[in-house]
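Input: a single structure, listed below in structure tokens.
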Protein chains: 2
Amino acid sequence: MSSVSETKAERIPAAQRREQILDAAAAVFGERGYAGATTDQVAQAAGISQPYVVRMFGSKEKLFCELLLRARQRLEERLSAALARPEVKALDKQGRKQFLGRAYVDLVGEADIVLPLAQGFLLGHDPVIGKYAREGFLVIYRLLRDEGGFTPEEVRDFLAGGMLINTLLTLQMTELYGSDETARELLGCAFGEKIDIVLHDAGTAS
Amino acid sequence: MSSVSETKAERIPAAQRREQILDAAAAVFGERGYAGATTDQVAQAAGISQPYVVRMFGSKEKLFCELLLRARQRLEERLSAALARPEVKALDKQGRKQFLGRAYVDLVGEADIVLPLAQGFLLGHDPVIGKYAREGFLVIYRLLRDEGGFTPEEVRDFLAGGMLINTLLTLQMTELYGSDETARELLGCAFGEKIDIVLHDAGTAS
DNA sequence: GTCTATAAGTGGATAGAC
DNA sequence: GTCTATCCACTTATAGAC
């Protein structure tokens, strides 16, 4: 394990550092949103200096776009891979839908893909990021419809469930799981048996 | 009608001014989010000076909380009133659900209630606003469950649909209705016959 | 590849006049 | 009830050293 107290970051290849920053950025932007997060917070989370973050990506906006792109790609891969699996292909529609739903919840637990996406969806007003986010959303819609063989209404319902999950996460409703009965009921029926995944903030290991 | 070019706002009662500011804030925060919006933008939208906005509400944060509270109350009233109507009570569950869905879309068209709420749901990390937003969400959940007589799963599905609508709005997906076939399909099946409501930004009349 | 120093700009909030 | 002036903190981005 790396020491926590080092004041200068070790010298590592740019490509690797890039990934580290993207991971850190996913966590920070995912929690605080684009406007609410600072490049300095990202830098601290990544263990480097703020100017280096900016230098690596050119600007805060470009960093966020990279993040959105990466998150979208991972989501695409995941859904695509799930739909391509033989056991899944063998299921009926209803079964495939449920399987996809669980795959989405899995994604939530593994890395900070979902949160940055959710934050991006709020930025429709931004000329650059908004365009990006809309396109990404539509890519996922088409993937589900075409590769999944679902009707528009079915895709809509699936997306709707995803948006509820996103909302509960960004709201940090999980904080109330232990103390509020209503929250527990809602979370339970939104996340199903996979509820445990979201119940503890998993510290991101490097 | 009031002249647009006046450089000083006319002297009006504080209570009335308050409402104006809240209306303006709903539009600005709804579009740009809490962190992304400035008190100066709110002030300009309301036709007054930036310090006056701050003075009236104490701080940006308090203004936003007021906004959230007001939005929540209006949503509550609306849903509650809809559920209390005799024609609605006479409907079966499925019918009530559909009616509520349309009532929600109506709300989108009438005033800026939905957008600020949606933006608030992204602020779970904020100690003050997050608490507020979570509570509001749960209030609506309970209202639907108890006054509507729905099961948790039914309420979940209703809320999910609402979150999809929120997302499409904050994404400004409606911008693509005219130019992108996929977007048209998605919007069509998310908003149903009420799609017209969201297709033109209605300028807020005073 | 990474940092320190810092410029330049923005935004929330306060003070006090009218 | 409303404004002008202004302070101060914060944030992004640049320059240049190591």
Side-chain angles (χ1 to χ4, degrees), chain A residues 2-25 28-29 31-67 123 125-129 206, chain B residues 2-25 28-29 31-67 123 125-129 206:
Chain A
S2 56
S3 71
V4 183
S5 54
E6 51 196 354
T7 195
K8 301 217 178 191
E10 12 166 15
R11 205 181 164 85
I12 62 173
Q16 191 180 334
R17 185 64 81 190
R18 235 185 125 78
E19 286 304 308
Q20 279 185 355
I21 299 177
L22 283 168
D23 285 342
V28 174
F29 283 126
E31 180 170 344
R32 321 181 85 94
Y34 174 67
T38 70
T39 54
D40 192 50
Q41 288 164 346
V42 173
Q44 289 189 342
I48 57 176
S49 69
Q50 178 268 332
Y52 191 21
V53 170
V54 174
R55 162 159 302 205
M56 182 76 87
F57 290 88
S59 70
K60 182 187 180 184
E61 187 177 68
K62 282 178 188 159
L63 167 58
F64 191 75
C65 285
E66 276 295 304
L67 196 59
L123 296 173
H125 70 96
D126 184 294
V128 177
I129 304 177
S206 64
Chain B
S2 55
S3 72
V4 182
S5 52
E6 49 195 353
T7 196
K8 300 217 179 192
E10 12 166 14
R11 205 179 165 87
I12 62 173
Q16 191 178 335
R17 184 65 80 191
R18 234 183 126 78
E19 286 304 309
Q20 280 184 356
I21 297 178
L22 282 168
D23 285 342
V28 173
F29 283 125
E31 179 169 345
R32 320 181 87 95
Y34 174 67
T38 69
T39 53
D40 192 51
Q41 288 164 347
V42 174
Q44 289 189 343
I48 57 175
S49 69
Q50 178 267 332
Y52 191 20
V53 171
V54 175
R55 162 158 303 206
M56 181 78 85
F57 289 89
S59 70
K60 182 187 181 184
E61 187 178 67
K62 282 178 187 157
L63 167 57
F64 191 76
C65 284
E66 276 293 306
L67 197 57
L123 296 173
H125 69 96
D126 184 294
V128 178
I129 304 178
S206 64

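First the proteins, then the strands, lettered A, B, ... as listed; each starts at 1.
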Mind checking side-chain hydrogen bond (donor to acceptor under 3.5 Å, both in side chains) for B:Arg17 and listing every partner two or more places apart, or none if nothing turns up?
B:Gln20

For residues 35-50 of chain A, pull every pair meeting side-chain hydrogen bond (donor to acceptor under 3.5 Å, both in side chains), keeping only residues two or more places apart or in separate chains.
A:Thr39-A:Gln50

Going by side-chain contact (heavy atoms from CB on, under 4.5 Å), name the residues that satisfy it together with A:Arg55, two or more places apart in sequence or in a different chain.
none

For the pair made of CG in B:Leu63 and C1' in C:dA13, what is the distance, rounded to whole Å?
14 Å

Min and max contacting nt of DNA chain D in 5' to 3' order, chain A heavy atoms within under 4.0 angstrom, are D:dT11 to D:dG16

Name of the residue among A:Ile21, A:Ile48, A:Leu63, A:Leu22 meeting side chain to side chain contact (heavy atoms under 4.5 Å, CB included) with A:Met56:
A:Ile21

Between B:Lys60 (NZ) and C:dG11 (C1'), how many Å, whole number?
8 Å

Return the 5'-most residue of the pair B:Ser59, A:Met56 with respect to DNA chain C, ranking by each residue's nearest nucleotide.
A:Met56

Qualifying salt bridge (Lys or Arg N to Asp or Glu O under 4.0 Å) pairs with a residue from residues 57-67 of chain A, counting only residues at least two apart or across chains
A:Arg18-A:Glu66

What is the ring orientation for A:Tyr34 with A:Phe64, classed by angle as parallel under 30°, tilted 30 to 60°, or perpendicular over 60°?
tilted

Please give me every residue in residues 44-55 of chain B whose heavy atoms get under 4.0 Å of an atom in DNA chain D, ordered by residue number.
B:Ile48, B:Ser49, B:Pro51, B:Tyr52, B:Arg55

Stretch residues 32-39 of chain A: residues that reach within less than 4.0 Å of DNA chain D through a heavy atom:
A:Ala37, A:Thr38, A:Thr39

Over all atoms of both residues, closest heavy-atom pair of B:Ala45 and B:Val28
CB-CG2, 4.0 Å

Which whole-number value in Å describes the distance from B:Asp40 CG to C:dA13 C1'?
13 Å

Measuring from atom CG of A:Asp126 to atom SG of A:Cys65, what distance do you get when rounded to the nearest 0.5 angstrom?
7.5 Å

Indicate the atoms forming the closest heavy-atom contact of B:Val42 with B:Ala24, along with that distance.
O-CB, 3.8 Å

